[in-house]
Amino acid sequence: MSEKLPAEPGSAIRQGVVQADAAWRALLEAARRTRDEDGFAPGPDAAEPAANSVRDPHIDAGGGLLVRDSGGRWARGASVPAEAAALLDLYLPVCNARPESPLTVGHLGQSLDGYIATDSGDSNFVTGPANIVHLHRMRALCDAIVVGAGTIASDDPRLTTRLVEGANPVRVVLDPSRRLDARYGVFSDGQAETILICDEQGAANGAESCGLAEVIGVPVDAGRLDLEALLARFAERGLAAVFVEGGGRTVSRFLEAGLLDRLQIAIAPLVTGAGTPGLRLPGCDEMAECLRPAHRVFSMGDDVLFDCDLGAGASPPRGATQQQEQLSRIV
Ligand SMILES: NC(=O)c1ccc[n+]([C@@H]2O[C@H](COP(=O)([O-])OP(=O)(O)OC[C@H]3O[C@@H](n4cnc5c(N)ncnc54)[C@H](OP(=O)(O)O)[C@@H]3O)[C@@H](O)[C@H]2O)c1
């Protein structure tokens, strides 16, 4: 008599972790290959997934997690387990960034009432562990991470990838008037290449370094750094994927300048009542004028991540099938 044994407790969870791990390694490998290649020339068999999949047995044990299309862009393979699929979908746009098609992504983690820190500046932590791991993954896939002087002064963050496998990005601090000194960790810990961006005058008059960080001058107009010029400087250095991690003023200025390709807002089930606001932009008079970007929704622990595609135009009408499906994506 045959008897069906009950599934081993925890085995499904373990399997999910293994699949997510394989997906993450495939993404790292895809991003590395995209950046390392000096232009991708698809071979005659580019349409054949098996010939173009990420082949390293350690990252693609199941075969074909990622494949390349005829334009050289990475895409999800045909039969990918659900645990890996959401991860691949979320990060593939970053893997496809290259010098001729760079990508700038802004991220903020905010409370239900729209704040990224309390009134005292405390932001450790607004969002939960899953979103923090997401930040580290974004750092690992991007070439540069950008933060404002306010974030360095308030948090003294390390801006490394210590929670995930993957290299540290170049750390970039926007400090137009050189208000920060070399005591902060990013300028002294030597963990990653670090650049301080200030106005051209400050770079010419001041020291050429801040601790271990290089100082680069960028034009400033009415107190605002010319962010287009900044991205051009990044391009000169081959920094194609740029992650703007905060705070609110910094992400807002990139958004207002029309320089974000994607905007990620993670909302935590938390009410601070007051604090440092997230996005701060000139308001609209009417709802019809408001920015309503196409977006995907990912569940991250207790938090919800809106991943907005600012290059893709407005989203379908509310309640459209596409959005309903996206609500089930769990990373
Ligand atoms: N929850 C989150 O996702 C998150 C993420 C990061 C930080 N935080 C928190 O947010 C707070 C800091 O945010 P914040 O909005 O006050 O400051 P911020 O964005 O970190 O820094 C703003 C400052 O950076 C400089 N800056 C940035 N972009 C500039 C531009 N385009 N042109 C000229 N200067 C520019 C300016 O320095 P000057 O003032 O010297 O001109 C500006 O005041 C902290 O409490 C931190 O803990 C939260």
Side-chain angles (χ1 to χ4, degrees), residues 104-136 138-139 144-159 171-181 184-186 195-203 206 210 215-234 242-260 263-272 274-281 300 302-307:
T104 304
V105 183
H107 180 284
L108 289 172
Q110 66 182 48
S111 62
L112 290 173
D113 46 349
Y115 295 108
I116 60 167
T118 63
D119 256 346
S120 68
D122 181 23
S123 66
N124 286 336
F125 294 98
V126 179
T127 52
N131 179 249
I132 304 300
V133 168
H134 166 66
L135 292 179
H136 285 234
M138 287 296 294
R139 293 173 185 177
I145 177 174
V146 177
V147 296
T151 295
I152 297 297
S154 174
D155 300 352
D156 195 9
R158 283 178 273 179
L159 306 178
R171 305 179 292 193
V172 180
V173 178
L174 307 189
D175 181 15
S177 54
R178 301 284 309 260
R179 65 165 145 129
L180 302 174
D181 58 35
Y184 296 98
V186 286
I195 302 172
L196 185 147
I197 302 292
C198 64
D199 72 10
E200 283 176 320
Q201 198 104 43
C210 176
V215 173
I216 294 182
V218 164
V220 171
D221 187 17
R224 294 191 172 203
L225 291 162
D226 180 342
L227 296 177
E228 217 166 327
L230 175 68
L231 293 181
R233 300 296 291 267
F234 286 169
V242 177
F243 187 43
V244 185
E245 203 185 285
R249 278 196 180 83
T250 301
V251 174
S252 299
R253 290 191 179 166
F254 272 89
L255 180 58
E256 201 178 339
L259 295 173
L260 289 184
L263 172 65
Q264 298 184 337
I265 301 286
I267 300 178
L270 162 81
V271 175
T272 64
T276 307
L279 294 178
R280 278 164 272 187
L281 299 168
M300 288 183 171
D302 287 341
D303 308 325
V304 174
L305 180 86
F306 284 84
D307 176 43

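Read the numbers this way: they start at 1 and go in the same order the structure lists the ligands and their atoms.
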Student: For Gly217, does its backbone N or O pair with a side-chain atom of Arg233 as donor and acceptor, under 3.5 Å?
Tutor: yes

Student: State which residues pass ring-ring contact (aromatic ring centres under 6.0 Å, His included) with His134; sequence neighbours excluded, sorted by chain then number.
Tutor: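 Listed in chain order: Tyr91, His107.
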
Student: Could you give the distance from CZ (Phe125) to CG (Asp303), rounded to the nearest 0.5 Å?
Tutor: 12.5 Å

Student: Ignoring hydrogens and angles, tell me if any N or O in the side chain of Asp175 forms a donor-acceptor pair with the backbone of Leu180 under 3.5 Å.
Tutor: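 Between the backbone of Leu180 and the side chain of Asp175 there is a qualifying donor-acceptor contact (under 3.5 Å).
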
Student: The criterion is side chain to side chain contact (heavy atoms under 4.5 Å, CB included); which residues satisfy it with Thr272, sequence neighbours excluded?
Tutor: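 Partners of Thr272 by the side chain to side chain contact (heavy atoms under 4.5 Å, CB included) criterion, ordered by chain and then number, come out as Ser111, Asp113, Tyr115, Leu270.
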
Student: According to salt bridge (charged side-chain N to carboxylate O under 4.0 Å, His left out), who are the partners of Arg224, at least two apart in sequence or on a separate chain?
Tutor: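 Expected list: Glu256.
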
Student: I need the contact residues for ligand 1: any residue with a non-hydrogen atom closer than 4.0 Å to the ligand, ordered by chain then number.
Tutor: Leu108, Gly109, Ile116, Ala117, Gly121, Ser123, Val126, Gly148, Ala149, Gly150, Thr151, Ser154, Asp155, Leu174, Pro176, Ser177, Arg179, Gly223, Arg224, Leu225, Leu227, Glu245, Gly246, Gly247, Gly248, Arg249, Thr250, Arg253, Thr276, Arg280

